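To find a chain, count down the sequence lines: A is the first, B the second, and so on, and within it residues start at 1. Just so we're clear, the structure is a prediction, and the values are computed from it rather than from any experiment.
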There are 2 protein chains.
Amino acid sequence: MTSTDDRPLRRDAQLNRDRIIRAAQEVFAQRGLAGTFHNVADQAGVGLGTVYRRFATKELLVEAVYEQRLADFVGTVEAALHAPTGWDGLVDVLSTAARLHATDRGLRDVVLTRGHRPRSFAAFTDRMEPLLNQLVDRARTEGSLRADVTAEDLPILLALISEVAMHGDPVRPGIHARYLQLLLDGLRRSPTAGALGEPLARRELDAIADSWLPRLDHT
Amino acid sequence: MTSTDDRPLRRDAQLNRDRIIRAAQEVFAQRGLAGTFHNVADQAGVGLGTVYRRFATKELLVEAVYEQRLADFVGTVEAALHAPTGWDGLVDVLSTAARLHATDRGLRDVVLTRGHRPRSFAAFTDRMEPLLNQLVDRARTEGSLRADVTAEDLPILLALISEVAMHGDPVRPGIHARYLQLLLDGLRRSPTAGALGEPLARRELDAIADSWLPRLDHT
DNA sequence: CGCTAAGTGGACCACGTTGATCCGCTTAGT
DNA sequence: ACTAAGCGGATCAACGTGGTCCACTTAGCG
């Protein structure tokens with residue numbers, strides 16, 4: 001029903017639109033998706049009304065900001081599937097994700113959110129899921145990854161690391177890598193490792209992520 | 001300067017005071033120290049004014065609620081120093097803390113806070129610090145704990161686990177133990193472990209904890 | 001009892017934040 | 001030079017928060 005009027009924007013309007021997106025990138029990077037339209041308008045040096053006119057809902061703005069970045073990340077994961085060993089691939093993905101989350105808090109919110117979100121992001125999750133499963137399977141089969149870890153653990157681990165990154169990296173840049181390494185060493189197969197118990201089901205993971213991250217829909 | 005009037009409370013006042021403390025326990029357990037006086041008053045079934053009269057500041061209320069619990073926890077850590085092995089002691093402390101944090105979010109806030117807080121809690125930290133150092137030293141010396149981990153890592157690890165507990169345990173009770181186990185396996189000395197880099201300094205840890213947890217002082 | 005200091009409740013105030021709209025003015029571009 | 005498109009930001013409503021105040025109630029002493 002939303003008649004998408006595709007007439008090209010006036011030159012000045014297009015200019016402002018770009019400024020808004022760039023501003024939103026910075027705002028979301030610092031404050032996460034909790035950043036407000038006010039923040040964005042200020043950062044862009046543009047009126048609040050202008051932001052609302054260009055992006056009627058936050059979803060639309062978030063989508064515009066992160067569409068490309070998400071696609072890039074899928075590329076990273078795909079590339080990791082062709083790493084020399086499965087373990088290398090897993091480390092690649094976790095490190096890259098950690099580094100990205102450390103510098104862009106909004107990206108973390110977008111990547112880890114499971115509930116309602118823009119159409120285009122659902123596609124991202126759909127593409128991601130089989131890739132992560134392959135990644136985990138490969139590393140497990142080759143014997144480097146402990147057998148009782150599943151793909152459902154990855155989002156939780158990422159959430160943890162990005163938590164460290166969020167609070168720790170401003171104090172000591174890169175400190176999140178310390179705790180990522182600790183986790184990686186815990187993920188490696190080892191004779192001394194303790195039992196982990198029943199892994200999380202998809203449904204449970206979704207519920208947890210849902211309570212962990214800020215909701216994009218509200219009103 | 002605060003003339004502490006020690007006249008005993010009237011019977012009904014004392015009763016309400018107890019009700020308030022019990023209510024605050026529940027409120028803080030669920031919502032962390034971010035719980036408000038309004039919340040507490042409602043939960044206690046008592047007027048807002050009554051809460052304010054009995055506890056002029058949040059600090060006083062928090063202190064009344066957690067003084068005993070903190071002392072108990074110090075006891076746990078002391079006991080852990082006499083565990084069969086240093087590793088067992090470390091596991092005891094981390095598991096116990098994780099379990100407590102999982103059921104009381106306010107306790108987590110209190111334990112992990114480093115900045116301004118009630119006098120009596122500063123004493124807690126002071127007693128705690130040497131104990132944790134001993135605990136880590138012992139486990140490291142006996143060769144079970146990897147050499148590049150320090151006592152400053154423990155609060156960060158606890159913060160991580162309690163993060164999982166906060167969001168995960170309501171969905172799957174006890175799920176935090178899964179990720180604690182993963183971390184523990186990462187903490188064990190192992191030939192395949194990767195380098196951790198420079199450990200956190202006390203000052204850095206304090207700064208991180210400060211940004212991580214809700215401030216108790218504000219206004 | 002009866003009296004009064006102590007205690008009580010919750011309406012109320014001040015304030016900050018957030019989402020969202022509206023409309024008088026400006027300007028791009030034909 | 002004219003008009004549709006665009007602009008800004010004051011403004012509104014809703015909400016949550018910390019905190020005070022004061023008319024009413026009651027414990028418990030003499």
How many Å lie between [atom1] on [X] and [atom2] on [N], as a whole number?
{"X": "I20(A)", "N": "dG6(D)", "atom1": "CD1", "atom2": "C1'", "result": "11 Å"}
{"X": "L9(A)", "N": "dT27(C)", "atom1": "CG", "atom2": "C1'", "result": "15 Å"}
{"X": "F55(A)", "N": "dG19(C)", "atom1": "CZ", "atom2": "P", "result": "16 Å"}
{"X": "L61(A)", "N": "dA20(C)", "atom1": "CG", "atom2": "C1'", "result": "15 Å"}
{"X": "L33(B)", "N": "dT17(D)", "atom1": "CG", "atom2": "P", "result": "15 Å"}
{"X": "R19(A)", "N": "dG6(D)", "atom1": "CZ", "atom2": "P", "result": "15 Å"}
{"X": "L15(A)", "N": "dG29(C)", "atom1": "CG", "atom2": "C1'", "result": "16 Å"}
{"X": "D12(A)", "N": "dG8(D)", "atom1": "CG", "atom2": "P", "result": "9 Å"}

Would you say the side chains of D109(A) and Y66(A) form a donor-acceptor pair under 3.5 Å? no
Is a side-chain donor-acceptor pair under 3.5 Å present for N39(B) with R31(B)? yes
Judged by each residue's nearest nucleotide on DNA chain D, which is more toward the 5′ side, R10(B) or Y52(B)? Y52(B)
Given that T50(A) and R53(B) both sit by DNA chain D, which one's nearest nucleotide is further toward the 5' end? T50(A)
Considering only side-chain heavy atoms of [X], which listed nucleotide, [options], is closest?
{"X": "R54(A)", "options": "dG7(C), dG19(C), dC7(D)", "value": "dC7(D)"}
{"X": "A13(B)", "options": "dG19(C), dG7(C), dG8(D)", "value": "dG7(C)"}
{"X": "L48(A)", "options": "dC7(D), dG9(D), dG19(D)", "value": "dG9(D)"}

Side-chain N,O (N16(A)) to OP1/OP2 (dG6(D)) below 4.0 Å: no
Thinking salt bridges, do D18(A) and R22(A) make one under a 4.0 Å N-O criterion? no
Relative to the 5' end of DNA chain C, which residue comes earlier, G49(A) or T36(A), by the nucleotide with the nearest heavy atom? T36(A)
At under 4.0 Å between heavy atoms, what does R11(B) touch on the DNA or RNA strands: base, sugar-phosphate, or nothing? sugar-phosphate
Give one of base, sugar-phosphate or nothing for R17(A), where a contact means two heavy atoms less than 4.0 Å apart. nothing
Using a 4.5 Å cut-off on heavy atoms from C-beta on, say whether the side chain of M166(B) contacts that of S211(A). no
Is the backbone N or O of G35(B) less than 3.5 Å from a side-chain atom of K58(B), with the two atoms forming a donor-acceptor pair by type? yes
